[in-house]
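These notes concern the structure reproduced below.
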Amino acid sequence: MRTHTTTASTTTASITASTATTSSTAAAATGIAAVRNLGILAHVDAGKTTVTERILYLTGTTHKRGEVHDGTTVTDFDPQERDRGITIFAAAVSCAWAGHRINLIDTPGHVDFADEVERSLRVLDGAVAVFDAVAGVEPQSESVWRQAERHGVPRIAFVNKLDRAGADLDAAVDSIRERLHPRPLAVQLPIGAEESFTGVVDLVHLRALTWHEDGAMAHGPVPAHLEGPAAERRRALEEAVAELYPRALEEFCTHGTVGAATLTAALRDLTRTGEAVVVLCGSAYRNRGIEPLLDAAVAYLPSPLDVPPTRSADRTQQRDPDPEQPLTALAFKVTAAPTGRLTHLRVYAGTLHKGATVLDTATGRRERVARILTVLADRHTETDHARAGDIVAVVGPKHTRVGATLCDPDHPILLEAPVSAEPVVTVAVEARRATDTDKLAAALARLAEEDPSLRVATDPETGQRTLSGLGELHLEVAVEKVRRDSGIEAVVGRPRVALREALVEGVTGFVHRHAKQDGGAGQFAHLVLDVHPLPDGAEAEFAFASTVTGGRVPREYVQAVEAGCRDALAEGPLGGHPVTGVAVTLTDGATHPKDSSELAFRTAARLGLREALRASRMHLLEPVAEVTVTVPEDALGTVLGDLAARRGHVRSTDPGPGATARVGALVPLAELFGYAGRLRGRTQGRGTFTTRPAGYAPAPTPAG
Ligand SMILES: Nc1nc2c(ncn2[C@@H]2O[C@H](COP(=O)(O)OP(=O)(O)OP(=O)(O)O)[C@@H](O)[C@H]2O)c(=O)[nH]1
Ligand SMILES: [Mg+2]
């Protein structure tokens, strides 16, 4: 049975729950200052969904603790998530804690769904990064950490699974220091270890928090045997904070110690500036450590008022998180719920009222907001309005896409849309029954609308419909979703990787003359181009410059040349793949008084660069992945041999937890299809692996 909720029960329960803690947080915060929009981020299986589930239970939002392995959690509600035991779709939930409203997004950890994380990060103000206390920082934790960093989203860390054999908080903190952030600040000390992990010493308030078997939390004095270590660590925390925070340093110098109030203020500011990362610990599965995590999220992570004002994509307009300003909202997710199309919004400014007409800035369409919903995963409660800082879903907009800005029609503004990852794997998909062909096409198109990292296209050579995405699992889940939602069976071809083309050596002074004279107005453009590879590690995929002097090519034609070059890069000479890493310089040119036009220059650039690329030395690039394989030591040889056969470059072999070895390798993505099954077979199911995209590398030249 599913849990249920009402707004009333949420509030009462949260009051009971919050009085249970002696949170020193700003319990008096009201309005927007009391809102926290948070994400839960981590490597696959670190325990994000379990943490979320416990948060919902503790805040009285649900009345039963669901488990991932039973398929009974609130946020893994999709049938495939329940069957596979992994999170696929970011799910939003909302709960109340210590007088605050927390909007929480449980994100997927698997790399194939990284785009869901990206879209979520775009609308979050803070995040809880979850780590496994045995494994420490894993590759995908590093990826999502950097993703959050790019978005300027402040984080606190939660080292989970302290109940597991081999759990080690200190080692996990060390791995955070080595791989993620130079200043992790542990604010807790575990009481007991592994099976007998029963609580934590709160180093800020120097008290013990312990949990009974049933999950109830009790406060108490620091246990006698931990007084020494607790004092030592408190001292270390004070010193680390004093180094970064002048007020703490002053207090430390005057009184020889830093009080709890100053520590709390320092930790909040250091979290928000990103100078330090607060580390907490616990065991979500055993219901231990969640109350202090919630207190820390409220105390240290920012409210919508604490983050920089929202700026338009072109940086010319700015809106503050003020309910009185013109409505400004971003659609970060679109889902086709049975009740109709749901558009998930983050409201940045203004107030959205039920029944309002809003402008979809990019398309110029007006959409009516028929209903506004507070979201609890797949359940919703209606509300009349949403204010600056809120995350809600709306029913009504019919054409709004992921990334669209919805705003007050009298005060248009366009926000920057989240960037979608480029698909790297493609399969051909065909309906099993010919009569389903059109229905399959429609279903796939709908799916691609919900998930912009999926692309549907038609192969120009075979005429087959293709589906592209971020990985094998991504595509498998998509096809399975179509089957479950609309009963259409599809036949899926072998996966292929998306190739690219790049220059090895370019050309200098390449002349192209475009002259057409077929009655009427002619076309004339004369260009001289230098074409070279961009240096390794260049941010952009294409760079354009003009060194033409004396107005020999007017400025608007130069712009047309740049556009024409971009056209040419869509299809490279080796196999029609996109071309990357190219720098083009327009060094000279000539015009004709009558026949030159922007169109003529654009066409000339497209044809000219295409020829220049044909005259250059080019090579094919294929996507590669950074693979981390964890295997029992006795299977190491087999696994290394297999990686070599897959053209893998082994970069590190380290001892892992227990009697395991951890291999880090760079492997072409094309060689990783079916690797999961192969690894299971070769290690009798004891090996596991994770991957993350590592860009493109030269591919071997195809035979013949
Ligand atoms: N021993 C132990 N197991 C835990 C703990 N927290 C979660 N787990 C288990 O770890 C597995 C993964 O947990 P999830 O909550 O699904 O992890 P996740 O991070 O949401 O995973 P993805 O969404 O697939 O990336 C499940 O079997 C959980 O029961 C914990 O504190 N201790
Ligand atoms: Mg999950």
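Each ligand, and each atom within it, is numbered from 1 in the order the structure gives.
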Which atoms of ligand 1 are found less than 4.0 Å from any heavy atom of [X]?
X    : result
I86  : 24 (O)
G109 : 25 (O)
V44  : 24 (O), 25 (O)
R164 : 1 (N)
S283 : 30 (C), 31 (O), 32 (N)

Any idea how F689 and Y675 line up, ring-wise: parallel (<30°), tilted (30 to 60°), or perpendicular (>60°)?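 Because their plane-to-plane angle is over 60°, the rings of F689 and Y675 count as perpendicular.
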
Which atoms form the tightest heavy-atom contact between [X] and [Y], and what is the distance?
X    : Y    : value
L444 : V456 : O-CG2, 3.7 Å
T61  : S94  : CG2-O, 3.6 Å
R101 : A96  : NH2-CB, 3.9 Å

So for ligand 1, is [X] a polar contact partner (N or O within less than 3.5 Å, distance only)?
X    : answer
H110 : no
K48  : yes
T107 : no
P108 : no
D76  : no

Is any side-chain N of the basic residue among [X] and [Y] closer than 4.0 Å to the acidic one's carboxylate O?
X    : Y    : result
E213 : R288 : yes
E449 : R446 : no
R119 : D451 : yes
R484 : D78  : no
D76  : R82  : no

Identify the protein heavy atom lying closest to [atom], giving its residue, its atom name and the separation to 0.1 Å.
atom                    : value
atom 1 (N) of ligand 1  : D163 OD2, 2.9 Å
atom 17 (O) of ligand 1 : G47 N, 3.1 Å
atom 9 (C) of ligand 1  : K161 NZ, 4.0 Å
atom 30 (C) of ligand 1 : Y285 CB, 3.3 Å
atom 23 (O) of ligand 1 : T87 OG1, 2.7 Å

For N103 and L38, what are the C-alpha separation, side-chain angles and deciding distance, and is it a side chain to side chain contact (heavy atoms under 4.5 Å, CB included)? CA-CA 6 Å; N103 298 314; L38 308 180; over 6 Å; no

| query | Protein heavy atom under 4.0 angstrom of atom 27 (O) of ligand 1, is there one? | reply |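 Protein heavy atom within 4.0 Å of atom 27 (O) of ligand 1: absent.
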
TODO: Could you confirm whether T49 has any N/O/S atom lying under 2.8 Å from the Mg ion (ligand 2)?
DONE: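 Yes, T49 qualifies, because one of its backbone or side-chain N, O or S atoms lies under 2.8 Å.
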
Q.
Would you say the Mg ion (ligand 2) has T50 as a near neighbour, meaning an N/O/S atom of that residue under 2.8 Å away?
A.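 Looking at T50, which is the residue asked about, there is no N, O or S atom under 2.8 Å from the Mg ion (ligand 2).
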
Which segment of [X] sits under 4.0 Å of ligand 1 when only heavy atoms are counted:
X   : value
T49 : both
D45 : both
V68 : side chain

Q: For a side-chain hydrogen bond (donor to acceptor under 3.5 Å, both in side chains) with E476, tell me which candidate from Q80, K481, R84 qualifies.
A: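 Only one option passes, and that is R84.
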
Requested in this report: I would like to know whether E53 and V74 meet side chain to side chain contact (heavy atoms under 4.5 Å, CB included); could you show each step before the answer?
Outcome: CA-CA 7 Å; E53 189 69 19; V74 173; 3.7 Å; yes

Taking atom CZ as the centre, does R680 end up with more than 12 heavy-atom neighbours from other residues, nucleotides or ligands that are less than 6.0 angstrom away?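 No, the 6.0 Å shell around CZ holds no more than 12 heavy atoms from other groups.
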
